[in-house]
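These notes concern the structure reproduced below.
One is the number of the first residue; the rest follow in order along the sequence. Fair warning: this is a prediction, and the values are worked out from it, not measured in the lab.
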Amino acid sequence: MSLKVAIIGRPNVGKSTLFNRLVGKKLAIVDDQPGVTRDRRYGKARLGHMHFEVIDTAGLEEAFDDSIEGKMRQQSEMAFDECDLALFLVDARAGLTPLDNHFADWLRKRKKPVYVIANKHEGRDQDPGLYEAYGLGLGDVAPISAEHGLGMELLIDIMLPHWEEYRDKQRKARQQGDISAIDADFEDDDEDEDAAWQAEIAAATEGGGEKFPSFEISYDEEYEEDEGEEPTVFRDNSKIQLAIVGRPNVGKSTLLNQLLGENRVMTGPQAGLTRDAIAVDWSYEGRPIRLVDTAGMRRKKKIDDRVEKLSVGDTLRVIRYAQVVVIMLDATNTIDKQDLTIARMVLEEGRALIIAVNKWDSVVDKAGVMQALRDKLDSSFAQARGIPILTFSALTGRGTDRLMPTVLDIYDIWSRRIPTSQLNRWLEAITERHLPPVISGRRIRLRYMTQAKSRPPSFFINCSKAAELPESYTRYLINGLRDDFDMPGVPIRIFLRSSDNPYAKKKRRG
């Protein structure tokens with residue numbers, strides 16, 4: 001395990017802004033409205049030459065019940081309990097509040113290193129708030145501006161002793177062969193790296209207005225084509241990006257907690273609890289999985305809150321970078337126009353799709369509801385016929401054991417490659433079964449076919465008069481591929497190319 005640093009404090013002091021600054025990416029939603037962050041979020045941070053794990057937390061509230069504020073406090077306490085040191089942020093502009101003093105008293109009772117950080121300190125006008133922070137009795141105060149990147153060198157001074165202690169523990173564990181105590185991301189730094197580190201400090205503390213990418217994701221390179229006789233199924237054991245999406249209050253966060261076996265994200269009967277897209281690295285039967293819980297997506301015309309717009313934008317980015325997407329439905333209100341819109345968006349992005357019907361234990365006419373759902377999907381998504389449909393109860397866990405095997409199966413189908421020789425034999429047979437149409441007295445000829453890429457399966461066909469081949473015939477080819485090569489439930493793309501006439505531009509000889 002790596003050195004963990006938790007960022008804590010009352011709402012709207014800039015915790016998420018500092019988190020984004022340390023990880024170098026805009027992973028957390030930032031807004032002037034207090035209480036935007038609700039779940040704890042993890043990220044790999046770098047400061048100077050130090051690599052560590054940073055935890056963004058919800059604002060500390062004086063609530064101990066099952067309200068949203070109480071659950072936010074529980075999430076922050078979990079982050080504090082597992083961290084190695086904490087950065088307690090206060091607002092230098094606003095000065096201390098009774099809530100700051102209350103939680104400073106709470107922190108003093110904990111046996112863990114805590115450092116006071118006065119954020120939003122861009123100049124001398126904020127000095128009064130900075131001096132007030134010394135009254136918390138938690139030691140020196142470091143003035144910074146997370147938004148503009150000012151004062152990062154002070155954070156380096158604070159964290160360096162803890163980092164060096166962590167590095168020494170890693171070296172001793174490596175020398176003693178204690179594999180369980182070695183951080184997988186730990187790299188032993190040379191002593192002469194300090195000079196380069198000083199240069200990195202200057203780079204890390206300048207340029208507060210840079211733009212960050214929106215979502216942390218890992219990318220797998222495409223595989224080369226196998227010229228064997230059978231379609232290739234890649235079991236490369238690479239990390240699968242699995243996103244859970246759907247309308248608000250359908251049980252997305254409950255499903256994530258059920259899969260992980262812990263209270264990782266907030267859940268409750270209130271709609272819209274999740275705001276940030278929370279990514280969690282997980283392992284299923286030795287296969288690395290990145291689970292991403294997302295905010296609920298309502299119809300665009302119903303969204304008028306700025307934070308909800310940011311949350312929906314974050315969810316859309318997650319869908320673009322995901323590989324397998326699970327759309328959650330509520331069994332008591334199986335499918336509506338918004339669900340179809342989300343599913344269509346997933347298929348247009350070329351992602352593998354799974355339909356998960358939650359709260360199935362509350363359905364009386366199960367056969368009728370399932371038949372109506374299948375009919376709706378078959379009529380709405382002919383381009384991805386055979387989408388897997390699972391039913392379960394995320395709250396009790398009944399039926400959820402079928403989800404991950406289905407994810408692995410459809411991921412393998414989504415990654416499948418078919419040899420060119422086999423494709424061309426198939427193309428010859430299927431065009432003989434149903435001849436292409438005749439255009440201007442000549443029949444369109446499909447000459448050659450090859451798979452351009454997988455994820456999703458995409459094919460090029462060389463033919464005459466590509467622009468005039470009807471869409472109905474292209475659908476016929478796609479359905480044939482799906483049936484003959486056993487590729488249900490994934491989007492298939494066919495691109496047509498016309499052959500150039502080599503004699504078209506030659507002049508006649510006189």
Side-chain angles (χ1 to χ4, degrees), residues 1-9 13-28 40-57 79-89 107 112-119 121 138-175 178-208 210 212-213 216 218 279 281:
M1 56 183 298
S2 60
L3 182 72
K4 290 186 178 181
V5 180
I7 305 173
I8 60 176
V13 293
K15 298 182 296 298
S16 295
T17 304
L18 179 58
F19 175 86
N20 288 341
R21 171 67 58 181
L22 293 176
V23 299
K25 301 176 183 180
K26 192 176 180 181
L27 300 184
R40 64 190 192 275
R41 174 190 289 275
Y42 297 77
K44 293 183 179 180
R46 180 178 181 181
L47 194 60
H49 73 313
M50 299 182 295
H51 296 263
F52 54 93
E53 189 171 18
V54 63
I55 311 174
D56 184 25
T57 64
F80 183 80
D81 290 339
E82 64 177 295
C83 74
D84 297 300
L85 69 146
L87 304 180
F88 180 43
L89 261 64
L107 290 171
K112 192 163 289 188
V114 178
Y115 298 93
V116 181
I117 309 297
N119 191 27
H121 186 276
L138 291 172
D140 290 337
V141 181
I144 70 166
S145 173
E147 183 176 359
H148 300 288
L150 303 176
M152 295 298 108
E153 68 280 1
L154 300 177
L155 295 183
I156 294 176
D157 293 338
I158 288 172
M159 296 177 56
L160 185 58
H162 300 279
W163 163 253
E164 290 179 342
E165 181 182 357
Y166 157 76
R167 183 171 59 175
D168 292 339
K169 289 180 180 179
Q170 291 293 305
R171 286 175 175 171
K172 291 178 180 178
R174 179 176 294 177
Q175 293 172 357
D178 187 0
I179 300 177
S180 61
I182 298 177
D183 177 14
D185 297 329
F186 173 73
E187 295 181 0
D188 196 5
D189 299 307
D190 296 329
E191 296 299 333
D192 58 355
E193 195 180 45
D194 289 341
W197 167 46
Q198 296 297 332
E200 291 181 8
I201 294 176
T205 56
E206 66 180 5
E210 69 265 33
F212 301 118
E216 184 178 16
S218 59
D281 289 331

Of E53, K44, Q170, which meets side-chain contact (heavy atoms from CB on, under 4.5 Å) against S2?
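Running side-chain contact (heavy atoms from CB on, under 4.5 Å) over E53, K44, Q170 with S2 returns exactly one hit, E53.
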Partner of V54 by side-chain contact (heavy atoms from CB on, under 4.5 Å), out of N20, L3, I7, L47
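Among N20, L3, I7, L47, the one meeting side-chain contact (heavy atoms from CB on, under 4.5 Å) with V54 is I7.
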[atom2] on [Y] to [atom1] on [X], rounded to 0.5 Å:
X	Y	atom1	atom2	value
M159	E165	CE	CD	13.0 Å
R21	H148	CZ	NE2	9.0 Å
M152	D157	CE	CG	12.0 Å
L89	I144	CG	CD1	5.5 Å
L150	H121	CG	NE2	10.0 Å
K25	F19	NZ	CZ	10.5 Å

Looking only at heavy atoms, what is the nearest atom pair of [X] and [Y], with distance?
X	Y	value
L155	L18	CD1-CD1, 4.0 Å
W163	H49	NE1-NE2, 4.0 Å
K112	E82	NZ-N, 4.2 Å
A146	G14	CB-O, 4.5 Å

Is a side-chain N or O of K4 found less than 3.5 angstrom from the main chain of I55, in a donor-acceptor match?
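Answer holds: no.
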Check whether any side-chain N or O of R46 sits under 3.5 Å from a backbone N or O of G48 as a donor-acceptor pair, and report yes or no.
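Yes, R46 side chain to G48 backbone: donor-acceptor pair under 3.5 Å.
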Would you mind reporting whether [Y] and [X] have side-chain heavy atoms less than 4.5 Å apart?
X	Y	answer
F88	L138	yes
L27	D56	no
R167	E164	yes
F80	L107	yes

What residues form a side-chain hydrogen bond (donor to acceptor under 3.5 Å, both in side chains) with N119, not counting sequence neighbours?
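side-chain hydrogen bond (donor to acceptor under 3.5 Å, both in side chains) check on N119 returns nothing, list empty.
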